[in-house]
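Only one structure is covered here, and it is reproduced in the block below.
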Amino acid sequence: MKVKLLTTISFFTYQLSISQSDKLLHGKVLSNNKPLGKVEVINKTAKTSTTTNDLGEFSIAVKVRDSLLFFSSAYFFTRLKITKATIAENNLLVNMVVKPEELNEIVITNIKFDKIKYDPDAINKIDIFKRANDLTRTIPGYKDGTIANGMSLAIPFGNGKPKKDNRNQNDFKKLITKTCPPDFFTKELKLNAEEVPLYLEFCDADPKSKTLLEHSNILTTMDFLYAKNEEFKKLKSGVKN
């Protein structure tokens, strides 16, 4: 009997602790005052997620200090930190910014040009002029390579090393630019505007950035950026000291 009583008390205590910490947050996702459906709402802290309905509405369990991510492929992601005021208001409005459209490559085919008209007299005059100004016509052996006392000269071009293929060099930067809103680095990562290019170079140098290119995921991308930001700040502190 005592064991059953203790089990019952423990169960209700656990349920009470859950109800006191987690709250069901309601909200709506908009863009230019229009509701957005099928937006992923991710509680990054609790590792849970949901999706907005056609009216842009959602409900998700949260607690204070949880981090929410709002993701849709056509929009810059939005990140919000849950506060007591957020939970108390229980009517979260999220505005997402649409990504600029990329211009597709235009291929032009079937171009017709007017036929070129030839003037035999003009061509004959050009040929005569060329021959008159051809200085090599008076050099014996020019055509067959038997010039007397000729000198062999080889001029190397380049340094002999194969050119580096830079086609994919900026792919990581392009991915981050497409994913993150313009003020993400200054507002969320607390970087100065002039530090952002150097930070991106720092991230791109990590082999893990290539993995993100192959398997792009908003959560893994965010984890990577925040982790590299900590490393970047430690590196800066070490340089200053």
Side-chain angles (χ1 to χ4, degrees), residues 25 27 29 31 36-52 56 58 60-63 65-82 94-105 107 159 161-241:
L25 179 67
V29 180
S31 180
L36 294 182
K38 298 181 180 179
V39 176
E40 287 187 68
V41 184
I42 305 167
N43 187 329
K44 187 175 180 292
T45 308
K47 306 298 182 185
T48 59
S49 65
T50 187
T51 307
T52 60
F58 69 91
I60 191 169
V62 297
K63 59 180 179 292
R65 296 181 184 175
D66 277 1
S67 180
L68 292 188
L69 289 176
F70 298 84
F71 177 75
S72 179
S73 58
Y75 298 83
F76 288 119
F77 82 89
T78 300
R79 176 180 176 269
L80 295 175
K81 203 81 170 177
I82 300 301
V94 180
N95 288 290
M96 297 188 71
V97 179
V98 67
K99 295 178 182 178
E101 293 184 7
E102 293 185 1
L103 296 177
N104 295 325
E105 183 180 356
V107 180
N159 54 14
K161 296 181 181 179
K163 292 183 178 180
K164 187 178 178 182
D165 187 358
N166 293 324
R167 286 177 295 177
N168 298 324
Q169 182 176 337
N170 296 319
D171 283 356
F172 174 76
K173 295 177 185 176
K174 290 179 181 177
L175 171 67
I176 299 305
T177 303
K178 290 178 183 178
T179 305
C180 302
D183 59 353
F184 169 76
F185 304 99
T186 53
K187 289 182 67 175
E188 298 293 336
L189 300 186
K190 308 301 181 185
L191 293 171
N192 296 326
E194 60 271 16
E195 293 177 327
V196 175
L198 183 60
Y199 167 74
L200 291 176
E201 292 283 355
F202 180 69
C203 293
D204 192 32
D206 192 319
K208 291 181 181 178
S209 65
K210 309 304 180 287
T211 305
L212 292 177
L213 290 174
E214 297 172 3
H215 307 285
S216 180
N217 177 284
I218 185 64
L219 288 178
T220 53
T221 301
M222 289 300 98
D223 288 340
F224 176 77
L225 291 177
Y226 280 106
K228 296 305 293 184
N229 188 41
E230 293 299 321
E231 294 177 21
F232 184 71
K233 288 180 178 177
K234 288 179 182 178
L235 184 65
K236 285 198 307 176
S237 300
V239 171
K240 289 179 181 179
N241 296 333

Open item on the list: If the condition is side-chain hydrogen bond (donor to acceptor under 3.5 Å, both in side chains), which residues does Asp223 pass it with, not counting sequence neighbours?
Closed with: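 Result, side-chain hydrogen bond (donor to acceptor under 3.5 Å, both in side chains) vs Asp223: Lys44.
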TODO: Could you tell me which residues satisfy side-chain hydrogen bond (donor to acceptor under 3.5 Å, both in side chains) with Asp66, sequence neighbours excluded, listed by chain and number?
DONE: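 With neighbours one apart ignored, the set is Asn43.
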- [ ] Of all the heavy-atom pairs spanning Ser31 and Val98, show the shortest one and how long it is.
- [x]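 Closest approach of Ser31 to Val98, heavy atoms only: OG-N, 4.5 Å.
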How would you list, by chain and number, every residue that makes a ring-ring contact (aromatic ring centres under 6.0 Å, His included) with [X], sequence neighbours excluded?
X: Phe202; answer: Phe232
X: Phe76; answer: none
X: Tyr75; answer: none

Which residues pass the side-chain contact (heavy atoms from CB on, under 4.5 Å) test with [X], sequence neighbours left out?
X: Thr50; value: Val41, Phe58, Ile60
X: Ser209; value: Phe172, Asp204, Phe224
X: Thr220; value: Leu212, Asn217
X: Ala227; value: none

Task: Sequence neighbours excluded - salt bridge (Lys or Arg N to Asp or Glu O under 4.0 Å) pairs with any residue from residues 179-193 - done: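 Applying salt bridge (Lys or Arg N to Asp or Glu O under 4.0 Å) to every pair that reaches into residues 179-193, excluding sequence neighbours, yields Arg79-Glu188, Asp183-Lys187.
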Closer than 3.5 angstrom, by distance alone: can the side chain of [X] be matched with the main-chain N or O of [Y] as a donor-acceptor pair?
X: Thr52; Y: Lys38; result: yes
X: Thr45; Y: Ser67; result: yes
X: Lys173; Y: Pro197; result: no
X: Asp206; Y: Lys208; result: yes
X: Tyr199; Y: Leu225; result: yes

Mind checking the [atom1]-[atom2] spacing from [X] to [Y]? Nearest 0.5 Å is all I need.
X: Leu198; Y: Asn192; atom1: CG; atom2: CG; value: 11.5 Å
X: Thr186; Y: Glu194; atom1: OG1; atom2: CD; value: 11.0 Å
X: Leu80; Y: Phe70; atom1: CG; atom2: CZ; value: 5.0 Å
X: Lys210; Y: Glu214; atom1: NZ; atom2: CD; value: 10.0 Å
X: Leu69; Y: Ile218; atom1: CG; atom2: CD1; value: 6.0 Å
X: Leu213; Y: Asp171; atom1: CG; atom2: CG; value: 6.0 Å

TODO: Verify side chain to side chain contact (heavy atoms under 4.5 Å, CB included) between Thr221 and Ile176, making sure each step is shown before the conclusion.
DONE: CA-CA 8 Å; Thr221 301; Ile176 299 305; 3.9 Å; yes
Task: Passing option when Val39 is tested against Val94, Val29, Thr51 for side chain to side chain contact (heavy atoms under 4.5 Å, CB included) - done: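 When side chain to side chain contact (heavy atoms under 4.5 Å, CB included) is applied between Val39 and each of Val94, Val29, Thr51, only Val29 qualifies.
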TODO: Evaluate side chain to side chain contact (heavy atoms under 4.5 Å, CB included) for Cys203 paired with Glu231, printing each intermediate quantity in order.
DONE: CA-CA 10 Å; Cys203 293; Glu231 294 177 21; over 6 Å; no
